[in-house]
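So that the names make sense, note that chain A is the first sequence line, chain B the second, and so on, each numbered from 1.
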Amino acid sequence: MSTLYAPTLREVPVEAELASHRLLLRAGMIRKAASGIYSFLPLGWRSIAKIEDIVRQEMDAIGSQELLLPVVQPAELWIESGRWTVYGPELARLKDRHGRDFCLGPTHEEIITALVRNEIRSYRDLPVSLYQINVKFRDEVRPRFGLLRGREFIMKDAYSFHADQQSLQEHYDAQARAYGRICERLDLVYRPVVADSGQIGGSVTTEFMALADAGEADLVYCECGWAANVEAASAVVSRDPRSTSPVEISRHATPGIKTIAELASAFGIPEHDTVKTMAGKTPEGRLVYLCVPGDRELNPVKANTAVPGIELLDDDDFDRFRIPKGSLGPVNPPEGTMVVADTSLRDEVSWAVGANEDGFHLFGAMPGRDFTVDLWADLVVARPGDGCPICGQTLSGARGIEVSQVFQLGTKYSEAMGARFTDENGEERPFVMGCYGVGISRSLAAVIEQHCDESGIIWPISVAPLEVAILPLSDDDEVIALAEGIWKDLAAAGVEVVIDDRDERAGVKFADADLIGWPYQLIVGKRGVADGVVELKDRATGNRLTVSIPDAVEHMTELVISERARFAH
RNA sequence: CGGGAUGUGGCUCAGCUUGGUAGAGCGCUCGGUUCGGGACCGAGAGGUCGUGGGUUCAAAUCCCGCCAUCCCGACCA
């Protein structure tokens, strides 16, 4: 270890807020090169390699084959798929010396589709599943939290090509099962959740979330096993109608009132009893009013599902449509406005809404009598306390780190890029595709988020950079000789072992060992050696076991082997 | 992109309000004493004070621009 490049930090770098980020830096596993861009030092790289190996084993086990695709990709392919214009500034673009356009791959659907369409022509060659482990680059608006949201990151991405939906479903299920096993082998507490497919496209998708308070995703889950990302969750929103029978509609002056909170407090009613109206526009420029319960958030993803292509208005749009921000409502909106309302409002017969006139609100507005709802749709962000859409029980909430995601892409890319095969009837059809990603570097951070304490990292043995560290606590010749002997014997027994032969005091060695988080520490001290024993410390439990010197190697080896078995394939 | 903050030896920070010699702790080098939970003593090396401009006799300090980094939000895997 005296020659190991693992510069540990005693003090916490200011830039790091999260445990995983802080500990990766302090333990000498990563260093930042630029915002969201990191170097992996030897220890960090060893752990990355461990994760990669687990992923490889699981991919190979379901018949996916490893290959390597280019990071720098020609623009033509992205223009073909349509994503050159759609992807936006997150796609890092560059030109070569001849002025030709390229991009840094944020994902590899285009390149693999282009590869396969030239090689596979017959249904007899299907299905095919291919994967790579490679660097991705996405020019994130806001990189943060170290490896959790980097711009450059390591990802395993697999792509599968099928003749029909059934074949895709089979492989998708196999990938999902493999992802579950990967999480288990990384010792992650996780949940597969219903998700939105975002930029990648497709319809059926599942995200694998490592549960952690530091996670950026909000989840809801039910005891029945159903769980979802709130951005996609279609929960049953419970709502007690404010009035069970219709009342007269009434108009009230509400000078200066612009928000639901102000409205509710001015009239002494709960926000729940009001209806919030947000404004958006379709790609054609049609005005859309979106009504949700006053105490709920509009989910833009769901709004987009209800009205494809909808964008919420900015302040300029409000001026252009000449509508009063803060006093919108479904009653007498501008001519041609589409009114969409959340389904939870369906039985509500008395709405408190804006009057579409600055400084006025309406109470007792009744759908069907006072206004028309053009479309009822699920619009709100799900939250704990809502009802499970499967069984109706109350949902709980959690936060999660998205470590992986599986998608059924269907024919989105194969159609756009003309990737077709000939089926058994001699007809040309586009491939039915799936894609499946594991954030390798993000998983490393997720493991640490779930496995650490005040002193440092507590690796599961499956991800630890090395399994055992020998700590000779003295420069006494006998101690050194014994420690080196154990080191050689353990290495010969197949244990990944490092010896801390640095000229440091015991306290420094202990502190660094706990910080780096070696699963086991074998402590060789002068006192113990005199008594014929060494100590064996388990990082996770803190337990120390005294073993006689002749038994030390065998005992340690057995422990390592049994611990490995917990995470074996 | 909006809001907030920060930028001073390798790291963590003080100094800036009120302009005038660039500091501390840790780390590093050398010597000595120590040696089972981040030791002690002594000596030493190491800094364009993010950057460009301005004000001034004089700028780390005051003013303006730019850059970088972090946090919150919007966005997203």
- Among A:Ile401, A:Asn229, A:Val189, which residue meets the side chain to side chain contact (heavy atoms under 4.5 Å, CB included) test with A:Met209? A:Asn229

- Query: How would you label the contact of A:Asp475 with the nucleic acid (heavy atoms, under 4.0 Å): base, sugar-phosphate, or nothing?
  - Reply: nothing

- Query: Side chain of A:Arg149, base of B:rC76: donor and acceptor closer than 3.5 Å?
  - Reply: yes

- Message: Over all strands shown, is A:Pro7 touching base, sugar-phosphate only, or nothing at heavy-atom distances under 4.0 angstrom?
- Response: nothing

- Item | Test side-chain hydrogen bond (donor to acceptor under 3.5 Å, both in side chains) applied to A:Asp173 and A:Gln175, A:Arg177, A:Gln169, the passing residue | A:Gln169

- Would you classify A:Glu15 as touching base, sugar-phosphate or nothing, given that sugar-phosphate means primed atoms plus P, OP1 and OP2, and contacts are heavy atoms under 4.0 Å? sugar-phosphate

- Task: Report which part of the nucleic acid A:Ser474 touches: base, sugar-phosphate, or nothing (heavy-atom distance under 4.0 Å, all strands).
- Result: nothing

- Watson-Crick or G-U wobble partner for B:rC16, using a 3.5 Å limit on both distances? none

- Task: Select base, sugar-phosphate, or nothing to describe what A:Gly150 touches, counting heavy atoms under 4.0 Å on all strands.
- Result: base

- Between atom CG in A:Asn229 and atom C1' in B:rC76, what is the gap in whole Å? 11 Å

- Task: Pick base, sugar-phosphate or nothing for A:Gly525, based on heavy-atom distances below 4.0 Å to the nucleic acid.
- Result: base

- Task: To the nearest Å, give me how far apart OH (A:Tyr38) and P (B:rU69) are.
- Result: 10 Å

- Message: Determine whether a donor-acceptor pair (one donor, one acceptor, N or O, separation below 3.5 Å) exists between the side chain of A:Glu11 and the base of B:rG27.
- Response: no

- Task: Take atom CZ of A:Arg144 and atom C1' of B:rG4, then tell me their distance rounded to the nearest Å.
- Result: 15 Å

- Task: Look at all strands and tell whether A:Glu504 reaches a base, only sugar-phosphate, or nothing, counting heavy atoms closer than 4.0 Å.
- Result: nothing

- Query: So, is A:Ser35 near the phosphate of B:rC70, with a side-chain N or O under 4.0 Å from OP1 or OP2?
  - Reply: yes

- Specify the separation, in whole Å, of atom CD1 of A:Ile401 and atom P of B:rA77. 17 Å

